[in-house]
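Okay, structure first, notes after.
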Amino acid sequence: MRADVLLAQEKYEVALSYIERILDVYPFYVEAWNWSSEAHCGLMQYDKAVESCDYALAVEPQDERAMQLKAWALMQQGNSEEAHVLYQQLQRINPTFELNYLYDSFCLYDQGNLTDALQQVEKADELSEGMSTEQQGIWEHHAHILSELHNIDHALQLLDQAEEQFGQSGEQIDYNFMRARVYAENDKPEQAVEYMDQCVRKYPFDLPFIFYQG
């Protein structure tokens with residue numbers, strides 16, 4: 001219980017000390033191996049995260065949480081091909097969990113497969129019904145792919161939707177940057193500059209960053 005609470009508090013190193021004590025006594029405890037992977041992911045120690053998942057999967061080959069954690073860690077390592085294979089398996093195990101499709105879309109995008117990446121993020125959007133814990137990420141990624149496929153109107157519509165729901169969140173994401181990018185990568189530099197000018201007026205103390213983005 002202490003390890004679980006510490007993980008929730010993002011105190012990963014301290015959590016690991018308890019998790020390791022659990023595994024010393026119960027080396028076949030799958031949930032503890034998954035906790036170990038979560039802690040290592042939190043510390044960005046992705047090799048160790050994958051290793052912990054492999055121990056969990058050696059005990060329970062179809063453990064869904066272990067597969068999710070391993071796929072995520074592989075994706076963070078840039079191993080999108082192996083992560084894609086796992087996300088395909090996860091979609092068969094749990095076909096209604098939208099994040100399996102969202103993260104698979106990231107993998108396919110990294111491989112340059114925009115058509116399949118679009119299909120996967122569309123599936124994630126359909127399953128989420130606007131209520132996913134990663135809804136903001138779904139809409140933004142969807143818009144990004146549509147922009148690269150030159151579907152400007154739909155991309156901008158999704159950004160409007162995301163801004164309406166999440167624009168006041170604490171993350172301070174400025175959707176004008178994203179709109180500028182859509183126009184810039186679709187050969188509309190004048191509109192892109194207009195949105196960058198809005199950012200200049202809104203963030204006068206961040207001009208180096210804004211000019212760099214522009």
Side-chain angles (χ1 to χ4, degrees), residues 68 71-92 94-203 206 209-214:
Q68 288 172 340
W72 173 259
L74 289 167
M75 191 167 64
Q76 300 309 305
Q77 290 178 313
N79 189 347
S80 60
E81 281 137 8
E82 198 173 338
H84 166 64
V85 171
L86 280 171
Y87 282 123
Q88 294 283 289
Q89 292 178 38
L90 283 162
Q91 288 163 28
R92 291 190 288 272
N94 189 347
T96 61
F97 185 52
E98 75 280 1
L99 298 189
N100 291 334
Y101 298 90
L102 172 63
Y103 298 145
D104 195 24
S105 179
F106 284 126
C107 293
L108 291 162
Y109 176 84
D110 286 344
Q111 295 171 45
N113 188 343
L114 292 181
T115 302
D116 288 350
L118 178 62
Q119 289 179 350
Q120 293 295 72
V121 78
E122 285 175 340
K123 184 67 175 179
D125 205 355
E126 174 192 337
L127 289 169
S128 71
E129 299 182 338
M131 296 183 292
S132 174
T133 57
E134 295 291 334
Q135 193 63 51
Q136 186 175 7
I138 290 173
W139 285 337
E140 289 172 8
H141 182 58
H142 194 174
H144 183 53
I145 294 174
L146 287 168
S147 176
E148 291 206 17
L149 292 170
H150 309 298
N151 190 339
I152 301 175
D153 291 340
H154 194 183
L156 293 172
Q157 177 193 337
L158 284 166
L159 292 179
D160 290 344
Q161 202 169 290
E163 183 176 36
E164 183 179 349
Q165 187 158 334
F166 302 105
Q168 303 305 314
S169 70
E171 293 187 25
Q172 291 297 311
I173 291 174
D174 195 306
Y175 285 90
N176 284 336
F177 279 122
M178 298 185 189
R179 293 185 182 96
R181 177 174 181 160
V182 170
Y183 284 117
E185 66 188 0
N186 284 280
D187 300 321
K188 295 182 181 293
E190 291 182 3
Q191 292 94 325
V193 169
E194 286 176 13
Y195 278 106
M196 295 310 300
D197 284 343
Q198 290 183 39
C199 293
V200 168
R201 291 193 293 273
K202 188 172 180 181
Y203 305 109
D206 292 323
F209 172 76
I210 293 168
F211 287 135
Y212 172 76
Q213 291 291 320

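Note that the coordinates shown come from a computational prediction; the quantities given were computed from them, not determined experimentally.
In this structure a side-chain-to-backbone donor-acceptor pair under 3.5 Å is missing from Gln165 to Gln136. For Asp206 (side chain) and Phe209 (main-chain N/O), no donor-acceptor pair under 3.5 Å exists by modelled atom type. In this structure, Asp174 contributes its side chain and Asn176 its backbone to a donor-acceptor pair below 3.5 Å. When atom types are taken as modelled, the side chain of Gln135 and the backbone of Ser132 share a donor-acceptor pair closer than 3.5 angstrom. Under the 3.5 Å distance criterion, the side-chain polar atoms of Asn186 are matched with a main-chain donor or acceptor of Ser147.
Taking 4.5 Å as the limit, every side-chain heavy atom of Asp104 sits out of range of all side-chain heavy atoms of Leu90. At a threshold of 4.5 Å between non-hydrogen side-chain atoms, the residues Lys123 and Gln91 do not count as touching. Counting only heavy atoms from C-beta outward, the side chains of Arg181 and His144 approach each other to under 4.5 Å. Looking at Trp72 and Gln68, their side chains never come closer than 4.5 Å, going by heavy atoms from C-beta outward. Residues Asp116 and Gln119 form a side-chain contact, since some pair of their non-hydrogen atoms from C-beta on lies under 4.5 Å apart.
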Checking side-chain contact (heavy atoms from CB on, under 4.5 Å) for the pair Val193/Tyr183: CA distance, chi angles, key distance, verdict? CA-CA 9 Å; Val193 169; Tyr183 284 117; over 6 Å; no
Would you sort out whether Ile145 and Ser105 count as a side-chain contact (heavy atoms from CB on, under 4.5 Å), showing the intermediate values? CA-CA 10 Å; Ile145 294 174; Ser105 179; 3.6 Å; yes
Set out, in order, the CA-CA distance, both residues' side-chain angles and the distance that settles side-chain contact (heavy atoms from CB on, under 4.5 Å) for Val182 and Lys188, then state yes or no. CA-CA 9 Å; Val182 170; Lys188 295 182 181 293; over 6 Å; no
Arg179 vs Glu163, side-chain contact (heavy atoms from CB on, under 4.5 Å): CA-CA, chis, key distance, verdict: CA-CA 11 Å; Arg179 293 185 182 96; Glu163 183 176 36; 2.5 Å; yes
side-chain hydrogen bond (donor to acceptor under 3.5 Å, both in side chains) between Glu140 and Tyr175, worked out: CA-CA 9 Å; Glu140 289 172 8; Tyr175 285 90; 2.7 Å; yes
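A donor-acceptor pair shorter than 3.5 Å cannot be found between the side chains of Glu126 and Tyr101. No side-chain N or O of His141 forms a donor-acceptor pair with one of Tyr109 less than 3.5 Å apart.
Residue Ala180 comes nearest to Tyr195 through the heavy atom pair CB-CB, 3.9 Å, listed as atom of the first residue, atom of the second, then distance. Pro95 and Leu127 make their closest contact through O-CD1, 3.7 Å (heavy atoms, listed as atom of the first residue, atom of the second, distance). In terms of heavy-atom proximity, Ala71 sits nearest to Ala83 at O-CB, 3.5 Å. Closest of all the heavy-atom pairs between Ala124 and Ile138 is O-CD1, 4.1 Å.
To the nearest 0.5 Å, atoms CG (Leu146) and NE2 (His154) are separated by 5.5 Å. With values rounded to the nearest 0.5 angstrom, Leu158 atom CG is found 11.5 Å from Asp153 atom CG. The line from CD of Glu81 to CG of Leu108 is 10.5 Å long, rounded to the nearest 0.5 Å. Met196 CE to Gln198 CD: the interatomic distance, rounded to the nearest 0.5 Å, is 10.5 Å. Taken from CG in Leu102 to CG in Asp125, the straight-line distance is 9.5 Å, to the nearest 0.5 Å. Within the model, atoms CG of Leu149 and CG of Leu114 stand 5.0 Å from one another, a figure rounded to the nearest 0.5 Å.
Ring geometry, Tyr203 versus Phe177: the interplanar angle falls under 30°, so the pair is classed parallel (tilted spans 30 to 60°). Using cut-offs of 30° and 60° for the angle between ring planes, the Phe106 and Tyr103 rings count as parallel.
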